[in-house]
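The analysis underlying the following values was restricted to heavy atoms, covering all of them including side chains, and did not include hydrogens, waters or symmetry mates. We name chains A, B, ... by the order of the sequence lines, and we start the count at 1 in each one.
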There are 2 protein chains.
Amino acid sequence: MNTLAEENYLKAIYKLSLAAGNVSTNQIAAELATKASSVTDMVRKLAEKALVNYTRYQGVSLTKAGEKVALNIIRRHRLWEYFLVEKLHFKWDEVHDMAEEMEHISLTELIDRLDAFMGHPTRDPHGDPIPDCDGNFKVSELKPVSSVEVNTAGVISGVRDHSASFLQYLERQQLTIGKHIIIKEVISYDNAVILEMENTQIQISRDVANNLLIAL
Amino acid sequence: MNTLAEENYLKAIYKLSLAAGNVSTNQIAAELATKASSVTDMVRKLAEKALVNYTRYQGVSLTKAGEKVALNIIRRHRLWEYFLVEKLHFKWDEVHDMAEEMEHISLTELIDRLDAFMGHPTRDPHGDPIPDCDGNFKVSELKPVSSVEVNTAGVISGVRDHSASFLQYLERQQLTIGKHIIIKEVISYDNAVILEMENTQIQISRDVANNLLIAL
DNA sequence: TTGTATTTTTAGACAAGTCTAAAAAAATAA
DNA sequence: TTATTTTTTTAGACTTGTCTAAAAATACAA
Ligand SMILES: [Mn+2]
Ligand SMILES: [Mn+2]
Ligand SMILES: [Mn+2]
Ligand SMILES: [Mn+2]
């Protein structure tokens with residue numbers, strides 16, 4: 001089917017596409033920690049396989065077929081992350097790198113059984129939606145804490161930054177998925193945000209507020 | 001650590017070593033469905049890494065280090081097979097090829113947790129022992145049905161042939177791991193064996209009797 | 001609009017792993 | 001022992017995915 005390298009490129013292009021429309025060579029190179037010249041080569045190959053649209057100097061976008069492949073890789077990634085946390089009891093900051101390896105095991109029957117074994121979860125440990133086998137998933141209406149009005153109440157439902165250090169910070173503050181919070185105040189000096197959670201007040205920086213997502 | 005190709009060579013050499021002492025280039029080529037010239041190249045590389053002993057034209061054997069790597073791959077393979085059968089409810093003839101892919105995920109912590117999750121199983125779905133993380137396992141005293149005296153009683157505990165067709169045949173005859181049988185008669189004409197299992201008589205060919213292992 | 005900086009592509013090379021064809025060594029037979 | 005067959009190694013080539021250095025295209029600024 002597709003090689004490991006091809007899969008990693010498709011996933012990177014998908015991820016970058018969410019922000020911008022067409023994705024540039026340099027963006028992909030940065031995302032995969034590789035060189036622009038390598039990206040040009042690979043993007044050509046993906047275009048041959050009709051997985052991306054590419055005209056030179058214009059950047060790339062995924063075709064329908066390419067998007068389907070990318071969503072399948074993401075499905076596998078998130079299902080394995082769920083497995084690692086729920087069944088093997090890893091912490092949410094430990095699973096990404098492992099899932100990065102496991103996502104390339106692509107036997108459909110295996111993934112479907114894994115999905116069933118865990119009861120068809122809809123979100124991974126970081127709150128991200130798990131696409132079904134056709135690549136469908138609910139787009140969630142999550143907002144960064146930094147973007148809502150004072151006195152808004154919500155439920156912590158996702159993160160924008162998936163780094164281990166950010167996740168560990170949230171864990172230490174008990175700011176984990178499912179917690180109910182109320183935005184109490186925004187300090188005008190540095191845009192720090194004061195939250196109330198379980199009747200205690202917690203102050204978080206602007207940066208943290210930007211990367212913490214809530215459902216209203 | 002070691003590449004996927006290196007791991008597959010080490011596993012093949014380990015397997016072939018169980019039968020013979022030194023393993024020949026052609027044997028490895030046959031086992032991996034590759035060419036002798038490719039084997040020579042790879043074996044050189046493994047010798048550089050001190051994973052095999054090699055002098056040209058003399059065949060190879062694993063070093064202590066190489067054997068440890070091989071046993072670790074086998075551990076991973078068998079643990080995943082156990083997982084696929086016990087947790088995802090695949091049949092014993094369906095799991096080998098999947099495990100062949102999964103065995104290369106090598107994060108020690110993951111494998112140890114998987115092991116714990118399943119309650120530290122000692123045998124895989126085909127009756128083969130699962131080495132611990134140091135490569136230790138009990139050598140089992142299993143005998144082919146064809147090698148024991150008439151009137152011997154035993155428990156089906158393993159197979160020599162791991163092919164899907166053989167496993168499916170056994171499944172259809174209900175000759176599965178754990179079943180108690182008694183060897184009743186050996187037909188002198190064709191060496192077919194008549195067994196008694198759960199008060200019924202079953203006849204199996206010489207070939208099947210050779211590949212079905214029992215514990216006495 | 002013309003010149004400079006940035007981005008992207010091309011050209012050429014390299015490592016890993018494989019192959020075919022030919023040479024060398026070892027095993028077997030006459 | 002000499003000749004023939006088989007096994008193993010060498011030589012050279014190819015593919016995938018990567019890199020550096022240089023050229024070409026595009027974007028931006030004066
Ligand atoms: Mn992840
Ligand atoms: Mn995730
Ligand atoms: Mn197996
Ligand atoms: Mn097995």
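Side-chain contact check for Asn8(B) and His104(B): at least one donor-acceptor pair (N or O, by modelled atom type) lies under 3.5 Å.
Here the P atom of nucleotide dC19(C) and the CG atom of Leu32(B) are 10 Å apart, to the nearest Å. Rounded to whole angstrom, the span from the CD atom of Glu6(B) across to the C1' atom of dA15(C) amounts to 12 Å. Rounded to an integer number of Å, the gap from Leu4(A) CG to dA16(C) P is 17 Å. If you take CD of Gln27(B) and P of dT8(D), they are 8 Å apart, rounded to a whole angstrom. Here the P atom of nucleotide dA26(C) and the CG atom of Asn22(B) are 15 Å apart, to the nearest Å. The nearest whole Å value for the distance from the CD1 atom in Ile28(B) to the C1' atom in dT8(D) is 12 Å.
The residue Thr25(A) sits close only to the backbone: its heavy atoms come under 4.0 Å of sugar-phosphate atoms, none of a base.
Nearest-nucleotide positions on DNA chain D for Thr3(A) and Gln58(A) put Thr3(A) closer to the 5' end. Between Arg56(A) and Ala5(A), the residue whose closest nucleotide on DNA chain D is further toward the 5' end is Ala5(A).
You'll find that the side chain of Lys35(A) is closest to dT20(D), out of dT7(C), dT20(D), dT18(D). Considering only the side chain of Ser37(B), dT20(C) comes nearest among dA24(C), dT20(C), dA25(D). The side chain of Ala36(A) approaches dT9(C) more closely than any other nucleotide in the set dT9(C), dT18(D), dT18(C). Nearest to the side-chain atoms of Asp41(A) among the listed nucleotides dC19(D), dT9(C), dA26(C) stands dC19(D). Nearest nucleotide to the side chain of Asn26(A), out of dT7(C), dT7(D), dT9(C): dT7(C). Picking from dT8(D), dT9(C), dT18(D) the nucleotide with the shortest atom distance to the side chain of Ser24(B) gives dT8(D). Candidate nucleotides dC19(C), dT8(C), dT18(D) were compared by shortest atom distance to the side chain of Thr34(A), and dT18(D) ranks first.
Relative ring orientation between Phe117(A) and Phe83(B) is described as perpendicular, the plane-to-plane angle rising above 60° on a 0-90° scale split at 30° and 60°. Between His126(B) and Trp92(B), the ring planes lie parallel to each other; the angle is under 30°, not in the 30° to 60° tilted range.
Dashed line: the shortest gap from a side-chain N or O of Tyr54(B) to OP1 or OP2 of dT9(D) is under 4.0 Å. For Thr40(B), a side-chain nitrogen or oxygen approaches OP1 or OP2 of dT9(D) to under 4.0 Å. In this model, the phosphate group of dA23(D) is not approached by any side-chain N or O of Tyr57(A) to a distance below 4.0 Å at OP1 or OP2.
Distance alone, capped at 3.5 Å, is enough to place a donor-acceptor pair between the Asn22(B) side chain and the Gln58(B) backbone. A donor-acceptor pair under 3.5 Å is formed between the side chain of Thr63(A) and the backbone N or O of Leu51(A).
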